[in-house]
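As structure tokens, the structure follows; a few thoughts come after it.
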Amino acid sequence: MLDRLRQDVFEANIALRESGLVTLTWGNVSGLSDDRKLLVIKPSGVAYDRMRPEHMVVVDVDSGDVVEGDLRPSSDTPTHRVLYKAFDTIGGVTHTHSPKATAFAQARVGIDCLGTTHADHFYGPIPVTRPLTSEEVDAGYEANTGHVIAETFDGRDPLACPAVLLAGHAPFCWGSTPAASVNNAIALEAVAAMSLDSFALTRPAHPLENYVLEKHYARKHGPAAYYGQR
């Protein structure tokens, strides 16, 4: 079942590790089936060097039941399920504890757009969520993690800024495919590192002028984009 998607999700998880964003087993990537009814995700706690495509777990998005696979799915699976249901334009989700972006999440500080590198990839600041309440943690920690992310993006295009910082936790990223969500996680970590270096040089750092943000984002995204090849 979903052999192509299982291979894609496996390759995305390996790419995540090879990007240097994963310590131990702290990270996962999932992908969504074309009919948006099933997701494929990394198994929980399995070392990356032991994983194979057949280890990827197929999960029903609505029920959370394992449809195919002998291993337990990632403990973050409920978060992925909520995000797929909340954001109907995404097809892949990546969660990491990459050091620089996680530092912002732990400090509970969003990442402002300070320069054109950020503007090329993320439209506007990368937001930080509110903390989960004790009731939300007790009632369903992972699912409510997804709900607080969706709440943070209420009225905002999730593909224009495909990343969020979960307060006190770490980042989640997404994209149209599993591979795209990994690329967004890589870009997020790079932007976070540049922001921290900017703060080391000057405080406060200066936000990028909005008209430059608009220009740089539009060069790569949308109907008038002209960066790269047709």
Side-chain angles (χ1 to χ4, degrees), residues 1-87 89-102 105 140-150 158 162-166 169-189:
M1 178 184 289
L2 301 177
D3 289 343
R4 180 66 258 176
L5 184 58
R6 291 174 90 154
Q7 181 68 32
D8 290 345
V9 169
F10 168 74
E11 291 177 0
N13 275 283
I14 296 303
L16 186 64
R17 181 194 63 176
E18 292 177 347
S19 71
L21 301 190
V22 170
T23 302
L24 301 177
T25 60
W26 306 346
N28 47 72
V29 184
S30 71
L32 191 63
S33 64
D34 290 339
D35 62 9
R36 307 190 68 82
K37 293 181 178 179
L38 301 172
L39 67 85
V40 175
I41 196 165
K42 171 186 175 291
S44 179
V46 174
Y48 284 84
D49 58 1
R50 292 175 47 211
M51 282 196 313
R52 300 292 180 268
E54 58 268 25
H55 295 153
M56 301 301 103
V57 186
V58 182
V59 176
D60 186 288
V61 172
D62 284 331
S63 69
D65 294 336
V66 172
V67 175
E68 188 170 281
D70 298 325
L71 300 174
R72 291 164 55 186
S74 167
S75 58
D76 293 309
T77 298
T79 307
H80 292 240
R81 290 173 52 219
V82 170
L83 293 179
Y84 286 128
K85 289 193 269 190
F87 301 153
T89 55
I90 71 172
V93 174
T94 293
H95 174 47
T96 77
H97 288 251
S98 59
K100 305 303 183 185
T102 299
Y141 173 56
E142 289 83 6
N144 282 322
T145 292
H147 289 306
V148 78
I149 293 171
V164 72
L165 306 167
L166 187 68
H169 187 163
F172 278 83
C173 297
W174 46 82
S176 58
T177 65
S181 71
V182 172
N183 286 338
N184 290 332
I186 294 169
L188 172 63
E189 182 67 3

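When a residue number appears, it is its place in the shown sequence, counting from 1. Predicted model only: the values in this text are computed from it and were never measured.
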Shortest non-hydrogen contact from [X] toward [Y]:
X      : Y      : result
Val9   : Gly31  : CG2-N, 3.5 Å
Lys100 : Glu189 : N-OE2, 2.8 Å
Arg36  : Thr89  : NH2-N, 4.4 Å
Tyr48  : Val22  : CE1-CG1, 3.4 Å
Leu83  : Gly146 : CD2-O, 4.0 Å
Pro78  : Ala143 : CB-N, 3.7 Å

Open item on the list: A quick test of your reading: do over 12 heavy atoms of other residues, nucleotides or ligands sit less than 6.0 Å from CZ of Arg72?
Closed with: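 No, because the 6.0 Å sphere around CZ of Arg72 holds 12 heavy atoms or fewer from other groups.
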
Open item on the list: If you count heavy atoms of other groups shown closer than 6.0 angstrom to CG of Asp70, is the number above 12?
Closed with: no

When you compare the side chain of [Y] with that of [X], does any pair of heavy atoms fall below 4.5 Å?
X     : Y     : value
Val57 : Val40 : no
Trp26 : Thr96 : no
Lys42 : His95 : no
Arg17 : Asp49 : yes
Lys37 : Val61 : no
Leu39 : Ser33 : no
Ser30 : Tyr84 : yes
Ile41 : Met56 : no

Task: Verdict with reasoning, Ser181 to Val93, per side chain to side chain contact (heavy atoms under 4.5 Å, CB included) - done: CA-CA 6 Å; Ser181 71; Val93 174; 5.5 Å; no

- [ ] Could you give me the CA-CA distance, side-chain angles and deciding distance for Leu38 and Val59, then say whether side chain to side chain contact (heavy atoms under 4.5 Å, CB included) is met?
- [x] CA-CA 6 Å; Leu38 301 172; Val59 176; over 6 Å; no

When you measure from the side chain of [X] to the backbone of [Y], do you find a donor-acceptor pair of N or O atoms at a distance under 3.5 Å?
X      : Y      : answer
Trp174 : Pro158 : yes
His55  : Arg52  : yes
Asn184 : Cys173 : no
Asp76  : Thr79  : no

Distance check, rounded to the nearest 0.5 Å: [X] atom [atom1] versus [Y] atom [atom2]?
X      : Y      : atom1 : atom2 : value
His147 : Glu142 : NE2   : CD    : 12.0 Å
Thr94  : Phe172 : OG1   : CZ    : 10.0 Å
Leu2   : Leu32  : CG    : CG    : 9.5 Å
Leu5   : Asp34  : CG    : CG    : 8.0 Å
Leu165 : Leu188 : CG    : CG    : 6.0 Å
Asn183 : Leu16  : CG    : CG    : 10.5 Å

Task: Electrostatic pair Glu68-Arg6, nearest N-O below 4.0 angstrom - done: yes

Open item on the list: side chain to side chain contact (heavy atoms under 4.5 Å, CB included) for Asp62 and Lys85? Distances and angles first, verdict last.
Closed with: CA-CA 8 Å; Asp62 284 331; Lys85 289 193 269 190; 3.8 Å; yes

Task: Results of side chain to side chain contact (heavy atoms under 4.5 Å, CB included) for Pro53 - residues two or more places apart only - done: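 For Pro53, the residues satisfying side chain to side chain contact (heavy atoms under 4.5 Å, CB included) (neighbours in sequence not counted) are Gln7, Phe10.
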
Open item on the list: Going by the rule salt bridge (Lys or Arg N to Asp or Glu O under 4.0 Å), which residues pair with Arg4 if we only count those two or more places apart in sequence or in a different chain?
Closed with: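 With neighbours one apart ignored, the set is Asp8.
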
- [ ] May I ask you to check whether His80 and Asn28 show a side-chain donor-acceptor distance below 3.5 Å?
- [x] yes

Task: Stepwise side chain to side chain contact (heavy atoms under 4.5 Å, CB included) check, Val46 with Thr25 - done: CA-CA 7 Å; Val46 174; Thr25 60; over 6 Å; no

